[in-house]
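To keep things clear, I will list the structure first and then write my remarks on it.
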Amino acid sequence: MSTITNGISMLIVSILILTLFIMIVLGFMLGFAHPLPWVLIGIIIIIPFIHNKIVSKRFIKWKESYSVGLDSIDDDHKKLLGMINQLQTASHYSTDDKMIEHILDDLIDYTKYHFLREEEIMLNCGYPEFDAHKKLHQNMISQVTKFIDEYRLHNTRSIDEVTQYLKSWLINHINGSDKEYMPYLNNGM
Ligand SMILES: [Fe+2]
């Protein structure tokens with residue numbers, strides 16, 4: 001969600017809460033036995049829970065089904081998911097640009113480090129699709145660098161778009177291409 005959309009949604013929630021609050025006060029004028037203000041109080045209480053539920057859906061949680069069967073690679077993937085979630089939080093709360101840039105730099109550095117580690121493992125295992133897999137890694141780095149430049153230098157892409165791209169790329173890659181080298185893992189380990 002972009003900063004503007006976040007701002008609008010916060011404004012709508014604030015107006016909604018204020019309206020409900022006024023209606024509760026007016027509702028009590030009908031008498032304490034009247035159900036309306038109590039129902040409205042119930043609605044005000046559940047709004048933060050619903051809001052949290054919606055927000056938490058934007059974060060990715062590690063699932064055992066993502067495991068490639070090697071702790072070091074699974075730990076890297078968990079760390080990358082955590083960093084993407086950090087970026088999601090920064091984007092959601094409109095954190096200042098310096099903080100977002102810092103998270104992006106860390107994320108790119110760790111992704112490169114992880115790819116090198118994964119490529120070394122694939123080489124040691126004699127994985128026959130090594131070249132094609134390495135190409136996917138290189139394409140991802142150039143694509144994400146392009147996205148970040150569009151966000152950082154040209155302002156033509158929002159941080160939320162960068163986050164969405166990273167999320168879907170990583171999950172698809174873990175569940176697709178990374179799973180394909182699993183049968184070879186025991187060869188060179
Ligand atoms: Fe990979």
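If you're wondering where the values come from, they're calculated on a predicted model, not measured in any experiment. Indexing begins at 1, ligand by ligand and atom by atom, following the structure's order. Position 1 is the first residue of the sequence, and the numbers go up from there.
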Problem - Ring centroid separation Phe28 to Phe32 under 6.0 Å - result: yes
Practice task
Would you please indicate yes or no on a ring centroid separation below 6.0 angstrom for Tyr113 and Tyr110?
Solution key: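 Here the rings of Tyr113 and Tyr110 have centres that are less than 6.0 Å from each other.
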Completion exercise
Residues at least two apart in sequence or cross-chain that pass side-chain hydrogen bond (donor to acceptor under 3.5 Å, both in side chains) with Glu119, listed by chain then number, are His137
Practice task
Using distance alone, with no hydrogens and no angle criterion, decide if His133 and His173 have a side-chain donor and acceptor under 3.5 Å apart.
Solution key: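 On atom types as modelled, these side chains qualify, holding a pair under 3.5 Å.
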Handout entry: Salt bridge flag under 4.0 Å for residues Arg152 and Asp105
Key = yes
Practice task
Tell me the protein N, O or S atoms under 2.8 Å from the Fe ion (ligand 1), in chain and number order.
Solution key: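 The answer is Glu118 OE1, His133 NE2, His137 NE2, His173 NE2, Asp178 OD1.
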Practice task
Name the orientation class of the two ring planes belonging to Tyr181 and Tyr127 (parallel below 30°, tilted from 30 to 60°, perpendicular beyond 60°).
Solution key: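 The rings of Tyr181 and Tyr127 stand perpendicular, inter-plane angle above 60°.
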